[in-house]
Amino acid sequence: MIMTKVEELTNPALFADEDRLHKLFTALRKDTPVCRVEPEEYRPFWAVTRYETIKDIELDNEQFLSNPRSILRPTEVEQAALKAFGTVNALEMLVNMDGERHKKMRRIGQNWFSPKNISNLRGNVEQLAKTMVNQMASLGSECDFAADIAMYYPLRVLMATLGIPDEDEAFILKLTQQLFGGEDEDMARTDGEETGAATRNEVLRDFHTYFGKLIEEKRANPKDDLATVIATAEVDGEAISHLEAISYYVLTATAGHDTTSHTLAGGMRALIENPDQLRLLQDNPDLIPAAVDEMLRWVTPVKSFVRTAKDDCEVEGVKIKAGESLALYYPSANRDESIFDEPFTFDVTRKPNRHLAFGFGPHVCLGMHLAKMELVSFFQELLPRLDSIELAGEPQVAKAIFVTGLKKLPIKFTMS
Ligand code: HEM
């Protein structure tokens, strides 16, 4: 029965139906933790669903490579990217680099994203959190929390971090949504006749054009921002390539945006649906950092990354041939009953909470400290001002297989 369903792992609608998705993951973890998937429109892959196995694969980046295929994309999209950009990945991003080049390229952003440097941004982030919470208050007693608040706040933080002008906010927001949420009818590009692969490449071309200009601007007028760090970065005494610099921007602008928005909206929903946890948090604000980790575990907005076996090997007794790919399902790892007590309970006091929402090992999320700071700052600002909150309609998750979360969260609230 599982074998017939598993092909649905490439169906965006499955990821919008979280109960069904988690039932599938639970069954896979139990019976077929390394399961062959042969969908029609994708190259085959192995679905890996247990926590420890995912961690082991992530740690062994020499044997399990990121480069040849870092995320699941339809074969048609990969072929179109190969034709248009010379690589199935379309961009030269950290997430699809391996070995020394990856280490050196990662180092460019590592200092910037270190907890110490990020703590210098705290004042700005807290100010932005306050602005967003004020905006929520100004909306009266009802809003769509996902679309009106959660979608914009991380974007504002990113714009400030990268040094991108405020007036470009709407443009970057739209492109990011088109890149990640492309399968969802509400988020796909609708300004042209073409759909699918061609459209996705158009979105990438728009990113190329925008960030190409930004590089020139930052080289001419260096500032104290991440965009300048990338524009002027060198590896082994040589400037990084134009494609590598553009890819760094695209990765930062996209990786840091929908992921955090989805966690914020999904975390809010979890608090509404678990009023005892909301009360606990309001009475004990010191629990907010732990609650944010629980939100990350609960929502896990990045559904998978892919690794490719360098040599023939065995994973949990299953023979994997060189060149075959393995999709690492983080939402499944984060509900693994052998690691988490009562994994389907949302518990803001959970300890320890070693979730894999940010991945693990050499590719672990570079922006994790920034993301956590944003989420903590928002709830620290909102919770003392919130008197009541409830759902005002059915929440809706966007249909996408890579990064997804709530696109609609209608709420009613009272706040000061
Ligand atoms: C990588 C999740 C926010 C930048 C990743 C990975 C995951 C992830 C799962 C891949 C890890 C792996 O392969 O082991 C998340 C989540 C976020 C978030 C859940 C928010 C809730 C951010 C932010 C930024 C960012 C705010 C930057 C502004 C990156 C970068 C990488 C990455 C640059 C690539 C690292 C590498 O390949 O070496 N993230 N991320 N992320 N993330 Fe995040």
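Numbering of residues begins at 1 and proceeds along the displayed sequence.
- A 4.5 Å side-chain heavy-atom check between Ile339 and Arg354 finds every atom pair outside the cut-off.
- Taking a 6.0 Å sphere around NZ of Lys55, one finds it holds more than 12 heavy atoms contributed by other residues, nucleotides or ligands.
- Taking the six-membered ring where the residue is Trp, Tyr153 and Phe378 present tilted rings, their angle falling between 30° and 60°.
- More than 12 heavy atoms of other shown residues, nucleotides or ligands fall within 6.0 angstrom of atom CD in Gln110.
- The only member of Arg269, Glu273, Met295 that meets side chain to side chain contact (heavy atoms under 4.5 Å, CB included) when paired with Phe346 is Met295.
- Residues passing the salt bridge (Lys or Arg N to Asp or Glu O under 4.0 Å) test with Glu126, sequence neighbours excluded: none.
- A cation-pi contact links Arg335 to Trp298, judged by a cut-off of 6.0 Å to the six-membered ring centre and 45° from its axis.
- Between the side chain of Thr404 and the backbone N or O of Ala398, at least one donor-acceptor pair lies under 3.5 Å.
- Residue Asp341 places its CG atom among 12 or fewer non-hydrogen atoms of other residues, nucleotides or ligands, all under 6.0 Å distant.
- The existence of a salt bridge linking Lys30 and Glu337 is excluded, since no basic side-chain nitrogen approaches an acidic carboxylate oxygen closer than 4.0 Å.
- The residues Glu294 and Arg297 are annotated as salt-bridged, a charged nitrogen and a carboxylate oxygen being separated by less than 4.0 angstrom.
- Counting heavy atoms from C-beta on, the side chains of Glu169 and Leu155 come closer than 4.5 Å.
- With hydrogens and angles disregarded, a donor-acceptor distance shorter than 3.5 Å links the side chain of His257 to the backbone of Met151.
- Between the side chain of Asp312 and the main chain of Ala322, a donor-acceptor pair closer than 3.5 Å is present.
- Relative ring orientation between Tyr329 and Phe25 is described as tilted, the plane-to-plane angle lying within the 30° to 60° band.
- Not one N or O on the side chain of Arg307 forms a donor-acceptor pair closer than 3.5 Å with the backbone of Ser325.
- Taking the six-membered ring for Trp and the full ring otherwise, the centers of His22 and Phe344 sit less than 6.0 Å from each other.
- Checking side-chain atoms of Asn334 against main-chain N and O of Pro331 turns up no donor-acceptor pair under 3.5 Å.
- At distances below 3.5 Å, at least one donor-acceptor pair connects side-chain atoms of Thr300 with backbone N or O atoms of Leu296.
- With a 4.5 Å cut-off on side-chain heavy atoms, Leu366 and Phe358 do not count as touching.
- Classification of Glu244 and Arg101 as a salt-bridged pair holds, one side-chain N sitting under 4.0 Å from a carboxylate O.
- A distance-only check finds a donor-acceptor pair linking the side chain of Glu58 to the backbone of Phe360 [under 3.5 Å].
- In terms of the salt bridge (Lys or Arg N to Asp or Glu O under 4.0 Å) criterion, residue partners of Lys372 (sequence neighbours excluded) are, by chain and number, Asp293.
- Without hydrogens or angle criteria, Gln63 side chain to Ile57 main chain gives no donor-acceptor distance under 3.5 Å.
- In terms of modelled atom types and a separation under 3.5 Å, the side chain of Asp144 and the main chain of Ala147 share a donor-acceptor contact.
- Checked for salt-bridge contact, Glu234 and Lys104 miss the test: no charged N lies under 4.0 Å from a carboxylate O.
- Taken to the nearest 0.5 Å, the CD atom of Gln396 stands 4.5 Å off from the NZ atom of Lys408.
- Using a cutoff of 4.0 Å between basic side-chain nitrogens and carboxylate oxygens, Glu100 and Lys103 are scored as salt-bridged.
- Rounded to the nearest 0.5 Å, atoms CG (Leu65) and CG (Asp60) are 9.0 Å apart.
- Taking the side chain as every heavy atom from C-beta outward, Leu326 and Phe305 never approach each other to under 4.5 Å.
- Using a distance-only test at 3.5 Å, with no hydrogens or angles considered, no donor-acceptor pair links the side chain of Asp56 to the main chain of Leu59.
- The distance from the CG atom of Asn284 to the CG atom of Leu287 is 5.0 Å, given to the nearest 0.5 Å.
- In the displayed structure, Glu40 atom CD is contacted under 6.0 Å by at most 12 heavy atoms of other residues, nucleotides or ligands.
- Classified by interplanar angle (parallel below 30°, tilted 30° to 60°, perpendicular above 60°), the ring pair Tyr249/Phe211 is parallel.
- The existence of a salt bridge linking Arg73 and Glu78 is excluded, since no basic side-chain nitrogen approaches an acidic carboxylate oxygen closer than 4.0 Å.
- Using a cut-off of 4.0 Å between Lys/Arg side-chain N and Asp/Glu carboxylate O, Asp347 and Arg350 are scored as not salt-bridged.
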**Q.** Worked verdict on Arg385 versus Asn134 for side-chain hydrogen bond (donor to acceptor under 3.5 Å, both in side chains)
**A.** CA-CA 10 Å; Arg385 294 175 59 179; Asn134 284 341; 2.8 Å; yes

